[in-house]
Structures are given as C-alpha cells and as structure tokens.
Amino acid sequence: MRITTVKLIIRDADERARDLRHSGQSDAQACVYEMAMAALRLACADDDPQPAWERLIVALCDPQQRLLVDALDALPAEQTRRRLLCVSDMPEVTGFGTLQDIYALVSLAISVGAPRYNSGDIRGCAALYWTTSRLIIDAPATRGIPGYAKAIAQLRPVADTEPPPGAYTPAAVDALAWELRHALDAVARVAI
C-alpha cells in the first residue's frame with residue numbers, strides 16, 4: 001500500500017460524506033467514514049513487514065481502541081473523521097536513520113500545525129502534533145542513533161496520555177496542542 005492510495009481513499013470518503021450531508025443525509029456520513037476506516041485497516045494489515053506509518057494507520061482505524069485524538073471531538077462521526085484526517089496528515093515514514101530525520105519530521109509538523117492553530121483550527125493542530133508524535137515513537141531507528149531514546153522520551157508522557165472518557169473542553173484542546181508542541185520542540189532540542 002502507498003500513502004498516496006491511502007490519501008485518495010480518505011479524500012473520496014470525505015467527498016461522499018460531504019455530498020450526503022448536503023443532501024440531508026447527515027446520519028449516513030458516519031457509515032462512509034467507518035467503511036473507509038475498515039478498508040484501510042484491512043489493506044494495511046496485510047503487509048508484512050508493516051512499516052511504521054501503516055502500523056499507525058491500523059491503530060487509527062481500530063474502532064475498538066479509544067485514542068487521545070478521540071477526545072478532540074464530541075460526536076462519534078466527528079471522531080471517526082478526525083482519525084481519517086490524522087491518517088491523511090501522515091507522511092510515509094518507515095524508520096529513522098539519524099536524529100536529523102526526526103528533526104525534519106518535527107519541523108514539517110510544526111510548519112503545518114502552527115498555521116492551523118493560528119487560523120483557529122486548534123483541534124486539527126493538536127491532532128497533527130499527536131499523529132507526528134505517535135509516528136516518531138512507533139517508527140524504529142534503522143540503526144543505532146545517539147540521542148534517539150532521549151528524543152522518544154520527550155514525546156511519551158503526552159502522546160501516551162490516556163484519553164478522557166468524554167470530549168475535551170476547548171481550553172483542554174488548546175492545552176493539549178501546546179503540550180504536544182512543547183514535546184516536539186523538546187525533541188528538536190535533543191543534542192547528539
């Protein structure tokens with residue numbers, strides 16, 4: 001599976017859901033998102049060995065597992081859509097050869113996340129930062145990297161936070177976005 005194929009599946013699902021919403025069939029859009037998640041989960045689960053980005057897609061597409069990003073939205077359809085948006089934000093990362101590879105991913109996430117935050121899409125910013133953090137944690141070092149364990153340790157406390165049973169308040173979403181941003185900044189400061 002290629003990440004471009006994954007993103008096409010998500011874009012198609014989003015267009016279908018939008019069409020359903022505009023035609024007054026809002027309740028059907030959740031089914032479209034759930035079917036897209038099921039298709040992605042099945043398509044990615046077949047690969048062996050599975051690259052890091054595919055493992056994260058499988059986790060994001062597992063409806064049985066409550067994830068931190070689920071607390072960004074209140075309604076199940078919004079949570080499912082948010083998970084798909086996390087997948088569509090994901091680059092095709094299989095592993096890291098150097099800390100500079102990790103720094104580049106952090107820089108990319110911040111270059112997209114900061115404008116989202118500044119334009120008022122705080123949930124989207126937090127979701128992107130969480131996805132990037134999980135990808136960094138889950139992607140293996142392809143060889144010994146000095147400082148790798150220290151970089152990962154900066155992310156774990158916030159990325160591994162148990163999600164609350166309900167949705168975050170707007171203030172809690174803002175706090176999460178900043179907590180994730182500070183963790184990514186800390187990764188970028190890890191010296192070799």
Side-chain angles (χ1 to χ4, degrees), residues 1-22 28-73 75-97 101-117 119 121-142 152 155 159-160 163 177 180 184 187:
M1 169 85 55
R2 302 282 311 167
I3 197 77
T4 52
T5 305
V6 168
K7 291 179 182 196
L8 285 172
I9 291 168
I10 294 168
R11 189 176 70 216
D12 181 58
D14 214 28
E15 288 173 4
R16 289 175 190 262
R18 191 175 322 118
D19 290 345
L20 288 167
R21 187 171 47 253
H22 290 311
Q29 68 184 357
C31 294
V32 171
Y33 291 136
E34 290 167 8
M35 293 204 37
M37 281 185 29
L40 290 173
R41 189 173 61 249
L42 288 172
C44 290
D46 284 346
D47 289 350
D48 189 32
Q50 204 173 30
W53 65 273
E54 283 190 5
R55 286 193 306 274
L56 185 51
I57 288 173
V58 170
L60 280 162
C61 292
D62 180 358
Q64 303 304 314
Q65 182 180 6
R66 181 152 171 86
L67 302 173
L68 189 61
V69 292
D70 294 333
L72 296 174
D73 299 287
L75 300 175
E78 293 170 344
Q79 293 169 350
T80 304
R81 182 172 187 268
R82 176 75 57 201
R83 285 178 178 222
L84 289 172
L85 291 173
C86 288
V87 171
S88 67
D89 278 340
M90 195 181 314
E92 195 168 340
V93 173
T94 57
F96 300 107
D101 296 339
I102 297 172
Y103 300 156
L105 184 57
V106 167
S107 179
L108 176 64
I110 292 170
S111 73
V112 174
R116 278 187 191 174
Y117 183 93
S119 71
D121 184 11
I122 299 168
R123 284 177 170 78
C125 173
L128 173 65
Y129 289 168
W130 179 84
T131 302
T132 302
S133 298
R134 287 292 349 147
L135 191 55
I136 292 169
I137 291 168
D138 294 343
T142 55
I152 299 302
L155 299 171
D160 290 347
L180 287 160
L184 290 170
V187 168

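Sequential numbering from 1 along the given sequence is applied to the chain's residues.
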message: With heavy-atom distances below 4.5 Å as the criterion, would you say the side chains of Asp70 and Pro163 are in contact?
response: no
field: Any side-chain heavy-atom pair of Trp53 and Val87 under 4.5 Å
entry: no
query: Which atom names give the shortest non-hydrogen contact between Val69 and Ala127, and what distance separates them?
result: CG1-CA, 4.2 Å
Donor-acceptor pairs under 3.5 Å, side chain of residues 29-40 to any protein atom, not counting sequence neighbours: which ones?
| residue | atom | partner | partner atom | Å |
| --- | --- | --- | --- | --- |
| Gln29 | OE1 | Arg21 | NH1 | 2.6 |
| Tyr33 | OH | Asp14 | OD1 | 2.6 |
| Tyr33 | OH | Arg81 | NE | 3.2 |

- prompt: Can you check whether Leu60 reaches Met90 side chain to side chain, under 4.5 Å on heavy atoms?
  reply: yes
- request: Find out whether Arg41 and Pro63 are in side-chain contact, i.e. whether some heavy atom of one side chain is under 4.5 Å from a heavy atom of the other.
  value: yes
message: Please report the interatomic distance CG(Leu128) to CG(Leu85), rounded to the nearest 0.5 Å.
response: 11.0 Å
message: Using a 6.0 Å cut-off, check whether atom CZ of Arg16 has over 12 heavy atoms from anything other than its own residue.
response: no
task: Say whether, by atom type as modelled, one donor and one acceptor occur between the side chain of Ser111 and the main chain of Leu108 under 3.5 angstrom.
output: yes
- request: Would you indicate whether the side-chain heavy atoms of Leu72 and Trp130 approach each other to under 4.5 Å?
  value: no
- prompt: For the residue pair Pro140 and Arg55, what are the closest heavy atoms and their distance?
  reply: CD-NH2, 3.8 Å
message: Quick check: closest heavy atoms across Leu56 and Thr131, and the distance to 0.1 Å?
response: CD2-O, 3.7 Å
task: Starting at CD1 of Ile3, measure out to CG of Leu8 and round the result to the nearest 0.5 Å.
output: 10.5 Å
message: Quick one, Leu20 with Glu15, criterion side chain to side chain contact (heavy atoms under 4.5 Å, CB included). Give me CA distance, side-chain angles, the key distance, then yes/no.
response: CA-CA 9 Å; Leu20 288 167; Glu15 288 173 4; over 6 Å; no
- prompt: What are the two closest non-hydrogen atoms of Ala114 and Tyr129, and how far apart are they?
  reply: N-OH, 3.2 Å
- prompt: In Å and rounded to the nearest 0.5 Å, what is the OG1 to CD distance from Thr94 to Glu92?
  reply: 8.0 Å
- prompt: Roughly how far, to the nearest 0.5 Å, is CD1 of Ile102 from CG of Leu135?
  reply: 10.0 Å
statement: To the nearest 0.5 Å, atom CZ of Phe96 lies from atom OH of Tyr103 at 12.0 Å
- request: State whether Arg82 and Asp73 are salt-bridged, where the test is any N-O pair (Lys NZ or Arg NE/NH1/NH2 against Asp/Glu carboxylate O) under 4.0 Å.
  value: yes
- prompt: Do Leu180 and Cys125 come close enough that some side-chain heavy atom pair is under 4.5 Å?
  reply: no
- prompt: Going from CG on Leu84 to NZ on Lys7, what distance comes out if it is rounded to the nearest 0.5 angstrom?
  reply: 13.0 Å
message: As a quick check of understanding, evaluate side chain to side chain contact (heavy atoms under 4.5 Å, CB included) for Arg66 and Gln79, giving each step before the final call.
response: CA-CA 10 Å; Arg66 181 152 171 86; Gln79 293 169 350; 3.9 Å; yes
message: Checking side-chain contact (heavy atoms from CB on, under 4.5 Å) between Ile136 and each of Asp101, Val93, Leu184, which is the one that passes?
response: Leu184
